Amino acid sequence: MNKKEFERLLLTVQKPGRYSGGEQGSIVKDKEKVEVRFAFCFPDTYEIGMSHLGMKILYSQFNSKDYIWCERVFAPWLDFEQVMRENNIPLFALESRDSVAQFDIIGFTLQYELSYTNVLNMLDLAGIPLRSRDRKELFNIVVAGGPCVCNPEPLAEFVDVFFLGEGEEVDLEFIELYRQCRANGETKQEFLKKAAKIEGVYVPSLYDVEYNTDGTIAAVTAKQGVPTTVKKRIIKDLDSVFYPDNFVVPYIDIVHDRAVQEVFRGCIRGCRFCQAGFIYRPVRQKSADVVNCQAKTLCENTGYSDISLSSLSTSDYTQLETLLSGMLEWSEAQKVSLSLPSLRIDNFSKELMDKVMRVKRTGLTFAPEAGTQRLRDVINKNITEQEIIDTCRVAFEGGYSTVKLYFMLGLPTETDEDLLGVAQLGQKIVDEFYNNPKVKKGRGVTVTISISTFVPKPFTPFEFEPQIDMDEIDRRQQFLLKNLTTKKIQLNYFEAKTSFLEGVLARGDRRLCDVLEAAFRKGCKFDSWDECFSDKLWNEAFSECSIDPAFYANRKREYDEIMPWSHLDYGVTREFLINENRLAHQNKTTPNCRQKCSNCGAAAYGEGVCFEKR
């Protein structure tokens, strides 16, 4: 299709900037002079994908190699997909507008289970066979990475290779092996067998799964000499690892339209529901000087006037005060505002707030997660109600009149008393605003309570726990709503049906591959979007495949059960997870990693917080 006709079609859809390409910072190479073409696919809209830090890092790193050209691909929204199908336009990469079918390696980042149907839809739009067994050549190799890869089995029939852990090193090793094998004329199977021996690379076709009569897994068996257990990869030295000095700057608004600077990976806290807190262990920091230098360069090159410090718990960064002082030396002069997401309630201070507010006031968000001390101890949150109130007091006295609080519904051992505690805590925070004589009462206070439904995830102490069913989710949501006592509290919560499907896919096995394809064939896509999700179509897919979704979502696992992910090693041991689960049911907490080592297993990597005192 010629350029003029393409541009005419773009003008018929919402947000043509999603598909136009040509943004500042995008990288265009001569495709005749590169050896490997890599399509980096984000299975959601442009606005969400362009906000993802991992994509920014790997896009820049891959393109720093002369022989690789990495291009960006996003899931087209419904309106443009219709235009594409009606006009026989295949899914294309933004930089070259070449069909994804022309790429050697097609890589997906799996950030959320409800994006899985989008993976299939994107392959279909590109005209690429969905099942890996139907892609027989050493071409169109489909790979995937990201947090969902800690249980990749629901996609095992579609993806050739999964990358476990952090990608900066393992991805380049894989691409280099691909380059060599293709030059040597080796087959796809010969290549996959060699790739499976790279640490951090999982080739699902080289592992057989057997099932018991009750539906549980009997065994996972490695074939052809590949490792019986696949171990994740981590970057040991964050100061020396590649980090981009430029980002692609979009033409349209995206979800997080700012520069992003990573400060550390992992989390010391050990909240028992939090998958990221365990799969990214051990905690590794960048030095303040490196963070400051990278942040300044990034803002200068992109022109952004906002920068966010990225981590799972930014206020746990041990050099935060030093870093902020250094960044303020240039950010104030350049009118660049600093944003610190993921702040902990128990180490938020007036001094920290004052520094963040020096350029521009940003919103404050905290995550108590549970409404009573008993339940906060169950989940190992290690914060008290008084600390929550004190933190809100500091915020109110500093001029804030809105606070957003995150809670979870359906946590293990939760009772109605715990739910009532959420409403009561919200009321106490409202009262703190009005009763505090130091707070200026020019306008009213708003406390926003956002409720998400607990989904048990692999490699957490709660991987053994059942998820409450949809009727119970609905009941608890309504119970909480009825017990709010003031309009100063705004309550937001998510649909029970999508949380249930997330629970199914999070702990599913390979038998869900057929369900996933059936759902896609029926039209399921963008399942995380309310306007697109159809529980009717998903229920039909489960029924046609004779699969009971409750088996995966609502069933308690025994400690000795073989999990679909038991042959994957993310650094935390099964013994540690079992012990933490037992402590949860005793309402007992575990100290964070800087207070005392809990012997989770991450010390085996020889780096990070486990070895800070050496």
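Both backbone and side-chain heavy atoms feed into the values below; hydrogens, waters and symmetry mates do not. Computed from a predicted structure; not experimentally measured.
- In this structure, Leu94 and Ser26 have side chains that are not in contact, with every pair of non-hydrogen atoms separated by 4.5 Å or more.
- A donor-acceptor distance shorter than 3.5 angstrom exists from the side chain of Arg507 to the backbone of Glu463, with no hydrogens or angles considered.
- Aromatic ring centres of Phe108 and Phe158 lie farther apart than the 6.0 Å criterion allows.
- Below 30°, between 30° and 60°, or above 60°: for Phe92 and Phe80 the angle between ring planes is above 60°, a perpendicular geometry.
- Aromatic ring centroids of Tyr59 and Phe40 lie 6.0 Å or more apart.
- Contact check on Arg521 versus Glu544 returns no salt bridge, with no Lys/Arg side-chain nitrogen under 4.0 Å from an Asp/Glu carboxylate oxygen.
- Taking a cutoff of 4.0 Å between a charged side-chain nitrogen and a carboxylate oxygen, Lys4 and Glu7 do not qualify as a salt bridge.
- You'll find the side chain of Ile105 reaches within 4.5 Å of the side chain of Phe174, heavy atoms only.
- Residues Trp69 and Val28 are in side-chain contact: their nearest non-hydrogen atoms beyond the backbone lie under 4.5 Å apart.
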Chi angles and distances behind the ring-ring contact (aromatic ring centres under 6.0 Å, His included) call for Phe62, Phe242: CA-CA 10 Å; Phe62 292 175; Phe242 178 91; 9.4 Å; no

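- For Glu71 (side chain) and Ser96 (main-chain N/O), a donor-acceptor pair under 3.5 Å exists by modelled atom type.
- Under the 4.0 Å criterion applied to side-chain N and carboxylate O atoms, Glu168 and Arg233 are not assigned as salt-bridge partners.
- Put simply, the side chain of Asn87 never gets that close to the backbone of Ile89: no donor and acceptor are under 3.5 Å apart.
- A donor-acceptor contact shorter than 3.5 Å links the side chain of Ser51 to the backbone of Glu47.
- The main-chain N or O of Ile68 is found under 3.5 Å from a side-chain atom of Lys29 such that the two form a donor-acceptor pair.
- Side chains of Thr109 and Gln111: a donor-acceptor N/O pair is present below 3.5 angstrom, by distance only.
- Salt bridge annotation for Lys556-Glu561: absent, with no cationic side-chain nitrogen under 4.0 angstrom from a carboxylate oxygen.
- Considering only heavy atoms from C-beta on, Asp527 stays 4.5 Å or farther from Tyr116 through its side chain.
- Contact check for Lys457 versus Cys150: no side-chain heavy atoms found under the 4.5 Å cut-off.
- A salt bridge links Glu95 and Arg72; the closest N-O separation between the charged side-chain nitrogens and carboxylate oxygens is under 4.0 Å.
- By the 4.0 Å N-to-carboxylate-O rule, Glu157 lies too far from Arg510 to be salt-bridged with it.
- Taking the six-membered ring for Trp and the full ring otherwise, Tyr202 and Tyr207 have centroids separated by under 6.0 Å.
- Asn140 contributes a side-chain N or O that, together with a main-chain N or O of Phe103, makes up a donor-acceptor pair within less than 3.5 Å.
- At distances below 3.5 Å, not a single donor-acceptor pair connects side-chain atoms of Lys56 with backbone N or O atoms of Val248.
- Glu540 is listed as a side-chain neighbour of Leu537, based on a closest heavy-atom distance under 4.5 Å.
- Considering Phe273, Phe494, Phe462 as possible partners of Phe454, the one that fulfils the ring-ring contact (aromatic ring centres under 6.0 Å, His included) test is Phe462.
- Between Lys136 and Lys188 there is no side-chain heavy-atom pair separated by less than 4.5 Å.
- At distances below 3.5 Å, not a single donor-acceptor pair connects side-chain atoms of Asp104 with backbone N or O atoms of Phe139.
- A heavy-atom distance below 4.5 Å is not found between the side chains of Asn151 and Gln275.
- Ring centroid separation for the pair Tyr493 and Phe407 does not come in under the 6.0 Å cut-off.
- Cation-pi contact between Arg511 and Tyr211: present, with separation from the ring centre below 6.0 Å and deviation from the ring axis of at most 45°.
- For an aromatic pair to be called close, the ring centres must be under 6.0 Å apart, and Tyr46 with Trp77 fails this.
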